[in-house]
Amino acid sequence: MKKAVLVILLLGSMLLVTGCWSWVEIENRAIVSALGVDKAAEGERLEVTVQIIKPGEIQSGAQGGGISPAVAVYSDSGYDLADALRNLGRQVGRKLTFSKLTVLVIGEGIAGEGTGSIMDFIFRHYEPDLRVKVIVVRGRAKEVLETEIPTDKVWGLGLDKLVEATRLHARAPAVSVLDFLKAVSSKTTSPVATGMEMAGEKKKPAEEEVAPGKKPVVTGTAVFKDYKLTGWLDETETRGLLWIKGEVEGGVIVIPSPGNQSRLMALEITYARSKIEPQIKDGRIIVTVKISEEGNIGEVEPDNVEIDKPGTLEIIEARKKKVIEKEVLAAIARAQELNADVFGFGEAVRRKYPRKWPQYEKKWEELFPLLDIRVEVEAKIRRVGLIKKPIIPGS
Amino acid sequence: MKPLSIILNKLLSLLPRKSKKNNGEKKDKKGLAVDYRDISQREADFKKTPLGASLENNIRILEELTGGSFDLNIKRSLSGPKEVDSAVVYFDGMVEKVAVEELLRIVKIDTFKTGIGGVKKNEIYETVKRRLITKDLKEAEDLESLYEGISLGDTALLFDGTAKAILCETKGWDYRSIMEPEAETTIRGPREGFIENIRVNTSLIRRRIRSPNLWIESINIGSLSKTEVAYAYIKGLAGEEILEEVRSRLERIDIDSVLESGVIEEFIHDAPYSLFPTIFRTERPDIIASGILEGRVAIFTSGTPIVLMVPADFAMFLHAPDDYNELFPIGTFIRILRLAAFLFSIFLPGLYVSVINFHPELIPTSLLLTIQTTREGVPFPVLGEILLMELAFEFLREAGLRLPKAIGPAISIVGALILGEAAIRAGIVSPGVVIIVAFTAIASFTAPTFSIAISARILRFFMIILGGAFGLLGIQLGFLLMLINLVSLRSFGYPYMAPYGPFILQDMKDNIIRAPWWLQGLRPKLLGFREPRRQRPSQQARPRKSSQSPKKGTEGR
């Protein structure tokens, strides 16, 4: 009996004397929706910008209708990210919580110097999700975070949606911290990140209501070598990259119309798969990229295209194939120029020839720019829909 | 030496008092001797007293021992041609008036008319006994059995010269009529419920199971109350070991009174310190009947509509008669629903506290922001809020139970609507907490048996505190402790968590899912092992064989 009482007392004291380790009341948290890192002006190494969600604004906006921003932006600098964030604590009274972090915006300056410690911070910290999207901005991250995204109250979420929407149209890749680190951990693959730039005029006081002024635009791809930014892919090259990686999920291919050559025709992409097939022949590596694509007809300029005529579809398919090939080759050329294996060809060779791979691995730096890459594209039109002919004036 | 004797005297005064010798000096109002015998001694004396040949003496002793209680009726008369002294003894209010009058007529008038009094004085007892055509006849040879008879509503006939009494069954006291039990209602199912009369209760079972193998045994428990306790089972189906256990546990009970079956439940409970009930209880005869048919034993207690059933398993407490009476997909659906609600009612508030305070990343961003907004300005921590509201809800529930029925709805309106709304408006609690508490309350009301709902209520508070102290780890700890307790329980030797632990595949047909009746071919493995086959397998309705089916082309005309 005594023993039982003792055990109960001990268990009970366990509840009382622990001091509730890591207990934080929810209203004392500052929820960070976006994190920006820039090169600091002088002395200190980097400047950090956080976008904190102001909870009060969320609800008042919901009742009043209309979208008013619900974030507060703070910046501070320090020797590294952790240091800068601690310094930031001098301005923000609540505990910074990274659990809901959605985007990590890296300024071009710091990206060129190396992002190793930033990625390690996200990786090591227990709060952030590894699905945080990595964006590299041509300019300063702070500028991006301070810019209002009119569609969203929480601007960080707006940036996230921006990347996601662009990815669906295959204009930019969506890269998470996890993807980035996976690429880094491979010896040959170069990590990439979503590119972003600030477009448009600076906000003028007079037109504040009408024009939102400068706004962030997702465009292209930032190419890294290990943790350092080495170059960029433009939108065409980016789609080439996505074709090879098999990450195209949608988008539009514009080709000259089979009827009137000066007119254009848009084809929707509905399905795309790729296959990277490396081969070692007489000590030389040949990589064959096989891409198969399917799509619909999206938009036709009314100029007498007879889609139901035999042969028309074949012409369309051939032109589509050509466009895809061009994009893919452009991406390969740019990557070879940067000597950055963004496609993971090295990994593909390693997977297929694990025994022979070590001898190539060391020379990959020299091998990749001159790699023999063959592209095979198969493009198909699956459905033309019910409308065979566009409506032509007078017909 | 003086202090020692004082202490000794004090100690002696602590011992049970022995009755003082007091030989008939004092008399009370009725002229009977005042006696100072204590209750146990009185009972013992009562037991020892045999009936004598002298009627006068017998009546005197009876009056003395019952203190001439005002509801004890003793009708004296002369019977038969020989004018033998006779008495008809019964308790007012416990007998059927007509039957007693009939008896009185026989004793007083018929004996003269027909001359059955016999020749000799002491023959009258036997002759009357032979002539009686009432329901049930017993004989009492001592005072104890005589009293036992009349206290159950029998009428005793005593004749001078015979040291025996005839006990005629004339039971006829008033009781509540059979109604639908208020605590356990169903949409589809019988509307009958048990009442306080044990004979009616057993008959409700007998009507449902008309097999001669439905055996009902009874014993009396309670040295003063002598409560009838009966246990019903199907001989040959219920395990003899279980029966032996029930019998021995019931016989072991030594108590002065059993006013409700809860007393018996606690005496025969396997795990008295566990929060989970290992004895099933219900007011519904259909549930008891189905349990008996599975090989369980039902324990009826006189004076209460609550009937116990053993052995019980955990799943039973979450099953309702509707599951069986509705079609099986619906039955299965409500069962899963109820299980989910049961888990919610234990864990939801604890989960809320732990997630809000320790793991905000588990909440979707927009919900997190909403909660954060509404928490702004609330003076208490989430743990305090939840405990406060849970406590308020428990008050409400208890108040609702105790209040007269007419005021009940008023309280629920005041409590639920006004209190909740006002608390949010005043910023004392956040709306999220009110939603959680309300949801939990609704979930807890889905439990079909009160006994399991009440254990969930207590567990909920443990989980809140564990969740508040350790976050999800605490909830996990609580869950594991609960599980350990559950799987280690046994009800009359039957594993409480069967068929999950031990895992019995064949019993899964009637647990989380409720398989159609035609698939329930076997009885529960550990209960109905003596005769596993319940029905012919695969009896689902099918089209007839092709030879008998109508020809093609003639269909649908």
Side-chain angles (χ1 to χ4, degrees), chain A residues 1 4 7-8 11-34 51-63 70-71 94-103 125-132 152-158 160-161, chain B residues 272-274 350-387 424 427 429-433 436 461-475 477-478 480-481 484-485:
Chain A
M1 195 58 208
V7 167
I8 289 167
L11 284 174
S13 67
M14 201 163 79
L15 297 175
L16 297 172
V17 301
T18 50
C20 299
W21 178 65
S22 85
W23 165 293
V24 181
E25 282 295 339
I26 194 159
E27 66 269 23
N28 294 333
R29 288 182 188 273
I31 296 163
V32 179
S33 75
Q51 220 176 55
I52 291 165
I53 307 174
K54 293 193 280 184
E57 302 290 332
I58 295 277
Q59 221 187 24
S60 64
Q63 284 164 357
V71 291
R94 297 177 168 191
K95 186 186 184 298
L96 290 177
T97 303
F98 296 96
S99 310
K100 293 294 172 186
L101 188 64
T102 47
V103 286
H125 199 293
Y126 68 96
E127 278 173 356
D129 202 322
L130 285 183
R131 288 173 301 176
V132 170
D152 282 83
K153 278 194 231 170
V154 179
W155 302 343
L157 295 179
D160 182 55
K161 285 179 197 164
Chain B
Y273 299 112
S274 175
L351 277 176
Y352 182 78
V353 172
S354 66
V355 167
I356 293 286
N357 281 315
F358 295 95
H359 321 280
E361 61 272 11
L362 290 180
I363 316 172
T365 311
S366 46
L367 179 63
L368 180 72
L369 293 173
T370 311
I371 293 169
Q372 202 182 18
T373 312
T374 52
R375 282 276 302 148
E376 213 76 49
V378 173
F380 308 111
V382 178
L383 179 66
E385 268 187 279
I386 285 263
L387 283 176
I424 294 170
V429 292
S430 59
V433 168
I436 292 291
F461 282 95
F462 281 117
M463 293 301 166
I464 292 172
I465 297 199
L466 280 173
F470 305 114
L472 285 183
L473 282 177
I475 299 282
L477 176 78
L480 283 177
L481 287 178
I484 289 169
N485 185 232

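What's counted below: heavy atoms across the whole structure, side chains too, no hydrogens, waters or symmetry copies. To find a chain, count down the sequence lines: A is the first, B the second, and so on, and within it residues start at 1.
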(Q) Is it the case that atom CZ in A:Arg94 sees more than 12 heavy atoms from other parts of the structure closer than 6.0 Å? (A) yes
Q: Return the set of residues passing side-chain hydrogen bond (donor to acceptor under 3.5 Å, both in side chains) with A:Ser33 (not counting sequence neighbours), or none when no residue passes.
A: A:Gln51
Q: With rounding to the nearest 0.5 Å, note down the distance linking CG in B:Leu368 to CD1 in A:Ile31.
A: 4.0 Å
Q. Of the listed residues (B:Ser354, B:Gly471, B:Pro360), which shares the most heavy-atom pairs with chain A below a 4.5 Å separation?
A. B:Pro360
Show me the donor-acceptor pairs within less than 3.5 Å that the side chains of residues 377-387 of chain B make with the rest of the protein, sequence neighbours left out.
from     : atom 1 : to       : atom 2 : distance (Å)
B:Glu385 : OE1    : B:Arg375 : NH1    : 2.3
B:Glu385 : OE2    : B:Ser430 : N      : 2.5
B:Glu385 : OE2    : B:Ser430 : OG     : 2.9

**Q.** Derivation and outcome, side-chain contact (heavy atoms from CB on, under 4.5 Å), residues B:Glu361 and A:Asp129
**A.** CA-CA 9 Å; B:Glu361 61 272 11; A:Asp129 202 322; over 6 Å; no
Q) Is B:Phe461 atom CZ crowded by more than 12 heavy atoms from other residues, nucleotides or ligands, each under 6.0 Å away? A) yes
Q.
Within the 4.5 Å heavy-atom criterion, are A:Ile26 and B:Ile371 side-chain neighbours or not?
A. yes
Q) Roughly how far, to the nearest 0.5 Å, is CD1 of B:Ile356 from CZ of A:Arg29? A) 9.5 Å
Q | Main-chain N/O of A:Asn28 paired to B:Gln372 side chain as donor or acceptor, under 3.5 Å | A | no
